[in-house]
Amino acid sequence: MEFFAQSGIFWAFMGACFASVMGAIASSLGSGSTGQAATGLATERPELGMKAIILEALPGSQVIYGFVALFFVVYVVMPKYEALTVMQGLQVFIACLPVGISGLFSGIFQGRVLVGAMNMLAKDEGSFANAMIMGAIVETVAILGLLGTILMLLKV
Amino acid sequence: MALQSTSKIRLFISSQKEEDLLSFLQKERIMEIVSVREEERSDINHSAEFAVSKLDFAIRYLSQYATKKEGIRNTILGEKIEISDETAKDLVSGFHWEEGVEKVSFLESTKNDIVRKLTELKVVLASFISFDGITIKAEEGLFFPSFFILPLRTAHEFEEGVKEISSFLDLSRVKESDSFVCFVLFSKQEVKELALQILAQKSGSEIHLEKGVSPSQKIQKLQKEISALEEDFQKNKEEAKDLSLFLDNFKMCYDEYFSKEKLNTALRGAEQTFFLSVFEGWVETSRKEELEKKLVARFGAVEIEEMELKNGEITRVILHSSPLIEPVMEVTKMYGIPKIEEVDPTPYYAFFFLVFFGFCLTDAGYGLLLTAMTGAVLSFHLPFEKNVIAMIKLFMYGGISTFILGTLFGGWFGLTPDQVPDFLTYGTGEILANGEEKRLFLGQIFDPMTDLVTKIMPVTYVLGLIHLSLGLYLSGLIAWKAGNKNRMLFVTLPMIFSFIFASLTWVLGIAFFEYIFYITLCFTMWGLGESGNPVLRMLKGFGGLLNESLGWFSNILSYSRLFALGLATGIIAMSFNLVALTMGEMVPGILGVIVMLFILAFGHSLNIALNLLGAYVHSSRLQFVEFFGMFLEGGGKSFNPLRLVSRFRHTS
């Protein structure tokens, strides 16, 4: 009971950890699946290697967004208070959910979209711009999740 | 520094001069020829194409035997060669490449024949080699010898089985090893046939010999034949090696026919009457008159007619830029070529690209290293392709930008000011909790430890805002050029001014500008509403404004990656320093210093390599997705004039 009463900082760290770990999982899954397709593309058409690398790097953004959320929690929210109350800690935790969840799903689905984009690129080198935009549209969800998280964190 | 337009033209010339015309155009690189026919002309033969494929075969074959040229220069060149125009001509003239190709073809078929025979003989020899030393000759008669070989595990069962067939036989083991046993069976034909059935069941095989020949003799004969073939193989190889001395001649002939083939392709797509040949294509608009003059001067009767574009036809564009920002153009090319009605984004984003690159690394030490290394590579004038040189230059610029930003942020190989001599730092006057004065590196303005939230993060977002505003301005400019002036006047400019007035009001605290800010918002809503009665238009505009604001927020947040990546570079560098120091202290004496230096070298090399890729990829991404997304569609086609092509000759 005493632990729960003083667990504000625990919940804040849990939130920061959730945001960054979900982002990391999303990026690994997204970049992993895109990377597999990229190796195939680069084997068949080595001249497209750099384009494939850039597409593969797109799902790497989710881990960055998770990191930004973590950063906000640790360096913006927490220094504002000497000790976080349980309610404030829980608020931080809940505020971190949007970036974590949206990051996770957008990372996975961005990976799938980019696998298709690799096929598109293999057939038409000029479709790189479209491939980038298609991948980036899925990522918008993660950015909006981060936006939601930051807006909520600023209100804690 | 813009997109240069091309015009589509139709060119009429006497059909007698069509080939000369195309040769001339190839040398001048002034016109892109497109096919005007649905079916290719049948009067143009495919001899150049055949020559190219024959020469390609010869070059591939002889390349295996050519002496590899050593040195970095030759490694970079690969299959290409560096020679002057004159030497190239000398290599082609008087060289009978057809004879050469025939010789290569003969050598190849002979070699294949030798290899096939050798393989066959070696297989046969392998089956006999177990009987080496056996001098019993194969004979015909009532009782005759048969030679069998079996695995050791079934040999005994075979022996038992055969002895049960008849008592009129003699089966003896003539040779044994760890894995097999060789038998000689003296028997009648009927007995042998029964023995063969058992042999098949026990996974054995029979060795066939000609009459009067013993296994030993057979082996000797086979070995002789193999030696003779190996000699032939060696001779064949020597001949190929001798012929490979003419590899450069073959390569230059290839290039000549390769260009000829391109010329023929252009010819096949041209319309032809008895007297006239008609070519269609693209020419740089500013050089159209020059082309006409040159053609008239050279060929006399030539007519050029400007053509109307067909519906949906894409005008060819030429990307031109100053040599200073040319390396950044590689990033644009990677995205795709802009259409003629768009703008060349390179000069607009070049500065931002380099600043973002520097932001992602933010280590002056790494910046210096990168600049020094790329500068050194460029100073050797190595025979890289043009696009590779451009990329090296791009990284050099990135290195300079990293050095400047790294200096401002105090990033020096992950070191902290207290780890370096005092003369490399300065005191800020601020007294720390431990009573000492806070020190920063010389030139450092931002302290990542204290200014990250208050200064560095806002700087990245402000950079993003300026970057995106520029994109917005370009979108307005494109709309203006296309005749949609309302977009520029009621959306682009009011939005840009709203950012300025919002900054003046809430950042600088000048309350007066708040009203002007609201006016600019009203203008923006009016512009975004597009049409309808005023009330409806403003309502639609309000919805549009909300949508735009959300888009802008999410786009600006994407620039968070700049400080996140910069921070990551610094933290990883600090971690390697810490690991190196700890390990160095754990190992005593000079060995500790060696260990420390090794970890430092390895760690920082890894950090540079990983973050260099990250800096390039994420700086590019901010252009491709956030910036280009504002105004650039891409999908243009670059002007690709008829030219002399070369696969094997390096042209610097």
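Computed from heavy atoms alone, side chains included, the values below leave out hydrogens, waters and symmetry copies. Not measured: the values here are computed from a predicted model.
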*asked:* Measuring from atom CZ of Arg621(B) to atom CD1 of Ile54(A), what distance do you get when rounded to the nearest 0.5 angstrom?
replied: 11.0 Å

*Check: Ile143(A) and Phe553(B) side chains under 4.5 Å, non-hydrogen atoms*: no

_Tell me whether Glu44(A) at atom CD has more than 12 heavy atoms from other residues, nucleotides or ligands lying less than 6.0 Å away._
no

*Is Lys637(B) atom NZ crowded by more than 12 heavy atoms from other residues, nucleotides or ligands, each under 6.0 Å away?*
no

*Would the number of heavy atoms belonging to other residues, nucleotides or ligands and lying under 6.0 Å from CZ of Arg60(B) be above 12?*
no

*Tell me, do Val68(A) and Leu557(B) make a side-chain contact under 4.5 Å, heavy atoms counted?*
no

_Quick check for you: among Gly551(B), Gly634(B), Gly629(B), Ala564(B), which has the greatest number of heavy-atom pairs under 4.5 Å with chain A?_
Ala564(B)

*Answer with side chain, backbone, both or neither: which region of Tyr75(A) has an atom nearer than 4.5 Å to a non-hydrogen atom of chain B?*
both

*Would you mind checking which part of Glu56(A) comes under 4.5 Å of any heavy atom in chain B, side chain (CB onward), backbone (N, CA, C, O), both or neither?*
neither

*Less than 4.5 Å apart, any side-chain heavy atom of Met132(A) and any of Val625(B)?*
yes

*Segment of Tyr616(B) engaging chain A (4.5 angstrom heavy-atom cut-off)*: side chain

*Spacing of Ile53(A) atom CD1 and Ser620(B) atom OG [to the nearest 0.5 Å]*: 11.0 Å

*Give me the ring orientation class for Phe128(A) and Tyr335(B): parallel if the planes are under 30° apart, tilted from 30 to 60°, perpendicular past 60°.*
perpendicular

*Heavy-atom distances under 4.5 Å only: say whether Leu567(B) touches chain A with side chain, backbone, both or neither.*
side chain

*Within a reach of under 6.0 Å around NZ of Lys155(A), are more than 12 heavy atoms found that belong to other residues, nucleotides or ligands?*
no

*asked:* With a 4.5 angstrom heavy-atom cut-off, is it the side chain or the backbone of Leu613(B) that approaches chain A, or both, or neither?
replied: side chain

_Residue pair His618(B) / Ala57(A): nearest heavy atoms and the distance that separates them_ = CE1-O, 4.3 Å

*Tell me, side chain or backbone of Ile133(A) under 4.5 Å from chain B's heavy atoms, or both, or neither?*
side chain

*Got Glu330(B) and Met50(A) here, is their nearest side-chain heavy-atom distance under 4.5 Å?*
no

*Flag if over 12 foreign heavy atoms under 6.0 Å of OH, Tyr461(B)*: yes

*Check whether more than 12 heavy atoms from other residues, nucleotides or ligands sit under 6.0 Å from atom CZ of Phe639(B), and answer yes or no.*
yes

